[in-house]
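Input: a single structure, listed below in structure tokens.
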There are 2 protein chains.
Amino acid sequence: MSITKGRSVTISDVAQTAGVSRAAVSKVIRNAYGVSPAMRERVEAAIGELGYRPSVAARALRGSSYRLGLEIPHVSARFMTQIMEGAKQAVAGTPYQLVLAPAHGPEYDTLESLADGLVDGIIAISPLVDPAWLEDLGRRIPVVMLGRHDHPTGYDTVVGDDIGGTRAIMTHLFDLGHRRIAHLTEPEAVTRPGSGTPHAVRLETYRTVMTEAGLADLIQIARREDVPDLARAATADLLARPEPPTAIVAGHDDIAMGVLAEIAATGRHGEIAVTGYDNTDLAAHPLIDLTSVDQQGMEMGAQAATMLLERLQGRTEPRRYRATATLQVRGSSVRSAG
Amino acid sequence: MSITKGRSVTISDVAQTAGVSRAAVSKVIRNAYGVSPAMRERVEAAIGELGYRPSVAARALRGSSYRLGLEIPHVSARFMTQIMEGAKQAVAGTPYQLVLAPAHGPEYDTLESLADGLVDGIIAISPLVDPAWLEDLGRRIPVVMLGRHDHPTGYDTVVGDDIGGTRAIMTHLFDLGHRRIAHLTEPEAVTRPGSGTPHAVRLETYRTVMTEAGLADLIQIARREDVPDLARAATADLLARPEPPTAIVAGHDDIAMGVLAEIAATGRHGEIAVTGYDNTDLAAHPLIDLTSVDQQGMEMGAQAATMLLERLQGRTEPRRYRATATLQVRGSSVRSAG
DNA sequence: CGCATCTTTTGAAACGTTTCGAAATCGCCC
DNA sequence: GGGCGATTTCGAAACGTTTCAAAAGATGCG
């Protein structure tokens, strides 16, 4: 493998070196039909000799870039790393390359900028974008959305069983004798009722289950602000209320970490039940030992990537993958003292 | 903002709508010199009406894509998220967009694929690639390398004070009465002596300090295999040795988490001193409470991005940023029992 | 008012691929 | 050996921008 230096080598250089036309080289590198063994060999030799690599830009302009985009709202959220890992695995071995686009500010911009010709398809985790807008995006470029509970026609979805998962948590806590159960979730924007985001569904389910159990008046909801660390502050708030909860259901493991931190910092570790969601690697750590719902993040990421690849193969009817949710009981969900 | 549908709208459409030439539109969208207010207004109106967005592919082919690439070996490593976060912040507000490229397998491929016209510049965290190869890459496209202790001429570097950080840890442990101090680090490939990777330097510094202290025969080195979870296995090995260490210096916080896990799982939490590196958010968690070295990961990411932007502005002489390392003492570094 | 000097606008040529129809070559059979 | 399909190769036209030199239009000055 020779190392390219100076001005980059183009398909014309290869064609010239091999003594064939540009079209011929193009066919060889794409494994297209209709190229004789002799020609293939000469072209490949020239490619090797010159260290030629096709320009993604030129390819993208003409057709496809062989890049898949994964848009992520929060790079540091533990759940996201599961998704990324899964998607990466699924894409490995295909001619496609995965690129991640961290959203900064409004997700629309990030998605647009991906759609602007950088990638051939998009996996997005964007609870806040408008479904109609997404349908439109799906018309321009293949799209798979993660964590959407609606039933779109123009793109695919990968979604967890947020109802089942939340119900499992609640049942578990009831079994442990808890009644005064609070829910600590994400900011308002991400949990708006009817919006169909995972956290909206979890919140709604929490409400429903509490009400079904005749505990409607014990419903307590707290939110963390956008900065991750503020889960601690929200927990402090909860615990300072006149009738503090005996159990806190956190929207996901990262929030639960904040809850555990606050409880531990006030010397009450083990006195209040805490549950998370996503079963991140932290939850399994002996020092954290967090009861959590496993919704197979890696599998979700992998499925999303696979579905996107299918769309690139030509599938047009929408598909949906629904991951199962299973409760992982660990030490953090302590029995109610009452 | 109207929503694009069907075939995408090109610069020609805008030109036609506005009744000007393509070149004129191009100038407007690039804020180039020599466009009258009247024309600017008409063009901008047309852009708005049509919902035009320039094609990245076409731009890239012609000059720049306004994308910066950040290559990351392990998306789930906590330290990486600091870097990403920092780089994201630094790029925000510039006309550039950050894209992340998770390396799968050999980093060469990922870097090449970034250089193939996708991005205008590259930030890389690739301990394993050959310096000469990198110099060559740097000749084709601006490059900033994170965690390189060499002094390249063709690209910039951002590096931590691995010697200082490691010395601070060792001094701290000596002060606590430890002598039998083990080092648990990354696999062989990443710590080869003289390779100049952060972990190679930390390992070397550990060796040096131990030797200086006359404890050369107490040097104990363990490695985790590539799977993150295997830090636990490596710890178990260490603790099963005839003369087990009283303190374990982990290569970074993620490894330290495994060490803590194993120690806790065997019911010996608090009996063995543990230190990490990177001062990730976990280290500060009350339940983890890990002594660690803060090397300002976010700042490193931000500096890397800034330096890359400078290069895109035209700077050519190499620069280097060296982050400071400060020890964060926490509960995990317990006093030696002996 | 004519000419020189600026400024604004334009046309056309890149950039490096893919694609499509046409040209060339080959093998085979009558 | 001429004719005919099938195969292999090629030339040229896209794709959507930017750029550069040149055209056109203002402006100022003598």
Side-chain angles (χ1 to χ4, degrees), chain A residues 4 6-44 46-47 50-67 95 113 115-120 140-141, chain B residues 4 6-44 46-47 50-67 95 113 115-120 140-141:
Chain A
T4 317
R7 272 328 295 140
S8 73
V9 18
T10 82
I11 202 173
S12 301
D13 301 329
V14 176
Q16 195 165 348
T17 304
V20 299
S21 72
R22 297 209 305 282
V25 178
S26 175
K27 281 180 142 181
V28 169
I29 61 184
R30 283 176 301 120
N31 267 314
Y33 171 81
V35 15
S36 70
M39 173 154 102
R40 146 155 286 123
E41 188 172 349
R42 278 202 311 179
V43 169
E44 276 169 352
I47 288 178
L50 271 56
Y52 165 72
R53 295 188 58 101
S55 146
V56 180
R59 286 189 145 179
L61 187 54
R62 211 28 238 259
S64 39
S65 63
Y66 293 100
R67 300 290 187 278
S113 104
D116 285 341
L118 241 193
V119 299
D120 296 344
R140 278 194 287 162
I141 182 174
Chain B
T4 316
R7 271 329 295 140
S8 72
V9 19
T10 81
I11 202 174
S12 303
D13 302 329
V14 176
Q16 194 165 349
T17 304
V20 298
S21 73
R22 298 210 305 283
V25 179
S26 175
K27 281 179 141 182
V28 170
I29 60 185
R30 284 175 300 120
N31 267 311
Y33 172 80
V35 16
S36 69
M39 174 154 102
R40 145 154 287 122
E41 188 172 349
R42 279 204 308 181
V43 169
E44 275 169 352
I47 289 179
L50 272 56
Y52 165 72
R53 294 188 57 99
S55 148
V56 179
R59 287 189 144 182
L61 187 54
R62 208 35 235 263
S64 40
S65 63
Y66 294 100
R67 300 290 187 280
S113 105
D116 285 341
L118 240 193
V119 299
D120 296 343
R140 278 195 287 162
I141 182 174

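Residue numbering restarts at 1 for every chain, and letters A, B, ... go by the order of the sequence lines.
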* Would you check if A:Ile29 and A:Arg59 make a side-chain contact, meaning some heavy-atom pair closer than 4.5 Å? =>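 With C-beta onward as the side chain, the pair touches.
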* To do: May I ask you to test the A:Thr10-A:Gln16 pair for a side-chain heavy-atom distance under 4.5 Å?
  =>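 Result no, sub-4.5 Å side-chain heavy-atom pair not found.
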How long is the line joining [atom1] of [X] and [atom2] of [N], in whole Å?
X: B:Tyr52; N: D:dG16; atom1: OH; atom2: P; result: 10 Å
X: A:Ile11; N: C:dT19; atom1: CD1; atom2: C1'; result: 12 Å
X: A:Arg30; N: D:dT9; atom1: CZ; atom2: P; result: 14 Å
X: A:Ile47; N: C:dT17; atom1: CD1; atom2: P; result: 10 Å
X: A:Arg59; N: D:dA14; atom1: CZ; atom2: C1'; result: 17 Å
X: A:Asn31; N: C:dT18; atom1: CG; atom2: C1'; result: 15 Å
X: B:Asp120; N: D:dT17; atom1: CG; atom2: C1'; result: 14 Å
X: B:Asp13; N: D:dC15; atom1: CG; atom2: C1'; result: 13 Å

Kindly compute the distance separating [atom1] ([X]) from [atom2] ([Y]), expressed to the nearest 0.5 Å.
X: A:Ile141; Y: A:Asp116; atom1: CD1; atom2: CG; result: 9.0 Å
X: B:Arg22; Y: B:Asp13; atom1: CZ; atom2: CG; result: 11.0 Å
X: A:Arg53; Y: A:Ser8; atom1: CZ; atom2: OG; result: 11.5 Å
X: A:Arg42; Y: A:Ser36; atom1: CZ; atom2: OG; result: 8.0 Å

Check the phosphate of [N] against [X], side-chain N and O only, distance under 4.0 Å to OP1 or OP2. Yes or no?
X: B:Tyr66; N: D:dT17; answer: no
X: B:Arg62; N: C:dA13; answer: no
X: B:Ser55; N: D:dG16; answer: no

* Test item: B:Arg62 side-chain N/O and B:Ala58 main-chain N/O as donor-acceptor pair under 3.5 Å ->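 Side chain of B:Arg62 to backbone of B:Ala58: no pair is present.
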* Among the candidates C:dT18, C:dT17, D:dT17, find the nucleotide nearest to the side-chain atoms of A:Ser26. =>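 Taking heavy atoms from C-beta onward, the closest nucleotide is C:dT18.
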* For A:Ile29 and B:Ala58, take the nucleotide of DNA chain C holding the closest heavy atom to each; which residue's nucleotide lies nearer the 5' end? ->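 This one resolves to B:Ala58.
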Atom pairs under 3.5 Å: protein N/O with N/O of nucleotides 5-12 of chain C:
unit_1 : atom_1 : unit_2  : atom_2 : d
C:dT9  : OP1    : B:Ser36 : OG     : 2.9
C:dT9  : OP2    : B:Ser36 : N      : 3.0
C:dT9  : OP2    : B:Ser36 : OG     : 3.3
C:dT10 : OP2    : B:Ser21 : N      : 3.0
C:dT10 : OP2    : B:Ser21 : OG     : 3.2

